[in-house]
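Let me begin by presenting the structure, written as structure tokens, before commenting on it.
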Amino acid sequence: MIAIYPGSFDPITLGHLDIIERGSGLFEQIIVAVLCNPSKQPLFSVEKRLEQIRHCTQHLANVTVDSFNGLTVDYAKQKQATVLLRGLRVLSDFEKELQMAHTNQTLWDGVETVFLATAKEYSFLSSSIVKEIAKFGGSVDHLVPPSILADICSSYPSP
């Protein structure tokens with residue numbers, strides 16, 4: 001069974017990596033899919049995020065990394081994936097993700113959304129929080145994979 005883990009991953013965090021590692025034990029193949037969203041202004045280009053994710057997941061033989069435009073369900077059909085993998089941190093995530101899961105089911109009833117609760121040590125973590133802390137010179141080395149740290153530090157030079 002192929003699962004897609006879609007997201008912006010700008011940047012990938014230890015919370016994302018936790019979901020990918022745990023998901024890789026549940027599914028035959030996981031495609032970590034970076035959504036190209038032209039309405040957002042990302043910190044890293046899609047190509048850079050693909051490179052970052054590939055580096056962080058190279059120890060997982062059943063994980064591939066890709067990018068896509070458009071609807072996630074269309075991408076899932078294209079890749080013959082029947083599962084969308086999503087991480088849940090807090091209750092507000094559940095409301096948003098449940099709505100999206102129901103919406104995706106109206107678009108294609110051949111896809112199921114599987115939720116994994118994020119490990120408790122990452123329940124507060126998001127890419128936005130990482131960027132906000134880094135922007136003000138705070139340490140994010142406990143929030144992102146070590147290989148991502150240099151990219152973040154070079155994006156937010158110390159004052």
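If you're wondering where the values come from, they're calculated on a predicted model, not measured in any experiment.
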**Report entry** salt bridge (charged side-chain N to carboxylate O under 4.0 Å, His left out) partners of residues 25-41, not counting sequence neighbours, each pair once
**Finding:**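 Qualifying pairs, neighbours excluded: none.
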Query raised in the report: Which pairs with one or both residues in residues 57-71 pass salt bridge (charged side-chain N to carboxylate O under 4.0 Å, His left out), sequence neighbours excluded?
Result: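 Every salt bridge (charged side-chain N to carboxylate O under 4.0 Å, His left out) pair that includes a residue of residues 57-71, provided the two are not neighbours, is D66-K79.
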Query raised in the report: When hydrophobic residues are tied together by side-chain contacts of less than 4.5 Å, even through go-betweens, does I53 share a cluster with L35?
Result: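 Result: no, two separate clusters.
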Query raised in the report: When hydrophobic residues are tied together by side-chain contacts of less than 4.5 Å, even through go-betweens, does M100 share a cluster with V90?
Result: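 No, it is not one cluster - the side chains of M100 and V90 are not joined through contacts under 4.5 Å.
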Requested in this report: Hey, could you give me each pair passing side-chain hydrogen bond (donor to acceptor under 3.5 Å, both in side chains) that has a residue in residues 109-125? Not counting sequence neighbours.
Outcome: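 Applying side-chain hydrogen bond (donor to acceptor under 3.5 Å, both in side chains) to every pair that reaches into residues 109-125, excluding sequence neighbours, yields nothing.
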Report task. Not counting sequence neighbours, which residues clear side chain to side chain donor-acceptor pair (under 3.5 Å) with D141? List them please. Result ->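 Per chain and number, D141 pairs via side chain to side chain donor-acceptor pair (under 3.5 Å) with S139.
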Once you round to the nearest 0.5 Å, how far does [atom1] of [X] lie from [atom2] of [Y]?
X   : Y   : atom1 : atom2 : value
T64 : I30 : OG1   : CD1   : 9.0 Å
Q29 : I4  : CD    : CD1   : 9.0 Å
S24 : L60 : OG    : CG    : 4.5 Å

Query raised in the report: Between S8 and D10, is any side-chain donor less than 3.5 angstrom from a side-chain acceptor?
Result: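 No, D10 and S8 have no side-chain donor paired with an acceptor closer than 3.5 Å.
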Query raised in the report: For V73, does its backbone N or O pair with a side-chain atom of N104 as donor and acceptor, under 3.5 Å?
Result: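 No, because the side chain of N104 does not come within donor-acceptor range (under 3.5 Å) of the backbone of V73.
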Partners of [X] by side-chain contact (heavy atoms from CB on, under 4.5 Å), sequence neighbours excluded?
X    : value
N69  : C36
S128 : S126
K135 : E132, Y156
Q58  : H55

Query raised in the report: Are side-chain heavy atoms of L116 and L26 found at a separation under 4.5 Å?
Result: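 SC-SC contact between L116 and L26 confirmed.
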Query raised in the report: Heavy-atom distance under 4.5 Å between the side chains of L14 and L143, does that happen here?
Result: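 L14 vs L143: side chains apart.
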Requested in this report: Please name the pair of heavy atoms, one in V46 and one in S67, separated by the smallest distance, quoted to 0.1 Å.
Outcome: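 Heavy-atom minimum between the residues: CG1-CB, 3.7 Å.
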Query raised in the report: What are the two closest non-hydrogen atoms of I12 and P145, and how far apart are they?
Result: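 Taking every non-hydrogen atom into account, O-CD, 3.7 Å.
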Query raised in the report: Taking only residues two or more places apart in sequence or in another chain, which ones pass ring pair (Phe, Tyr, Trp, His ring centres under 6.0 Å) with Y75?
Result: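 For Y75, the residues satisfying ring pair (Phe, Tyr, Trp, His ring centres under 6.0 Å) (neighbours in sequence not counted) are F68.
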Requested in this report: Please list, chain by chain and in numerical order, all residues satisfying ring pair (Phe, Tyr, Trp, His ring centres under 6.0 Å) with Y5, sequence neighbours excluded.
Outcome: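 Ring pair (Phe, Tyr, Trp, His ring centres under 6.0 Å) check on Y5 returns F9.
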**Report entry** Heavy atoms from other residues, nucleotides or ligands near CD of Q78 exceed 12 (cutoff 6.0 Å)
**Finding:**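 Above 12, so yes.
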Report task. May I have all residue pairs that pass ring pair (Phe, Tyr, Trp, His ring centres under 6.0 Å) and include part of residues 77-113, sequence neighbours excluded? Result ->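 Every candidate ring pair (Phe, Tyr, Trp, His ring centres under 6.0 Å) pair involving residues 77-113 fails, so no pair, neighbours aside, qualifies.
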Report task. Give a yes or no on whether a salt bridge exists between R54 and E51, defined as a side-chain N under 4.0 angstrom from a carboxylate O. Result ->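 Salt bridge between R54 and E51, a charged N being under 4.0 Å from a carboxylate O: no.
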Less than 3.5 Å apart, which donor and acceptor atoms pair up between the side chains of residues 80-89 and the rest of the protein, not counting sequence neighbours?
residue : atom : partner : partner atom : Å
R86     : NE   : E97     : OE1          : 2.9
R86     : NE   : E97     : OE2          : 3.4
R86     : NH1  : P6      : O            : 2.4
R86     : NH2  : E97     : OE2          : 2.9
R89     : NE   : D93     : OD2          : 2.8
R89     : NH1  : L125    : O            : 3.0
R89     : NH2  : D93     : OD1          : 3.0
R89     : NH2  : D93     : OD2          : 3.4

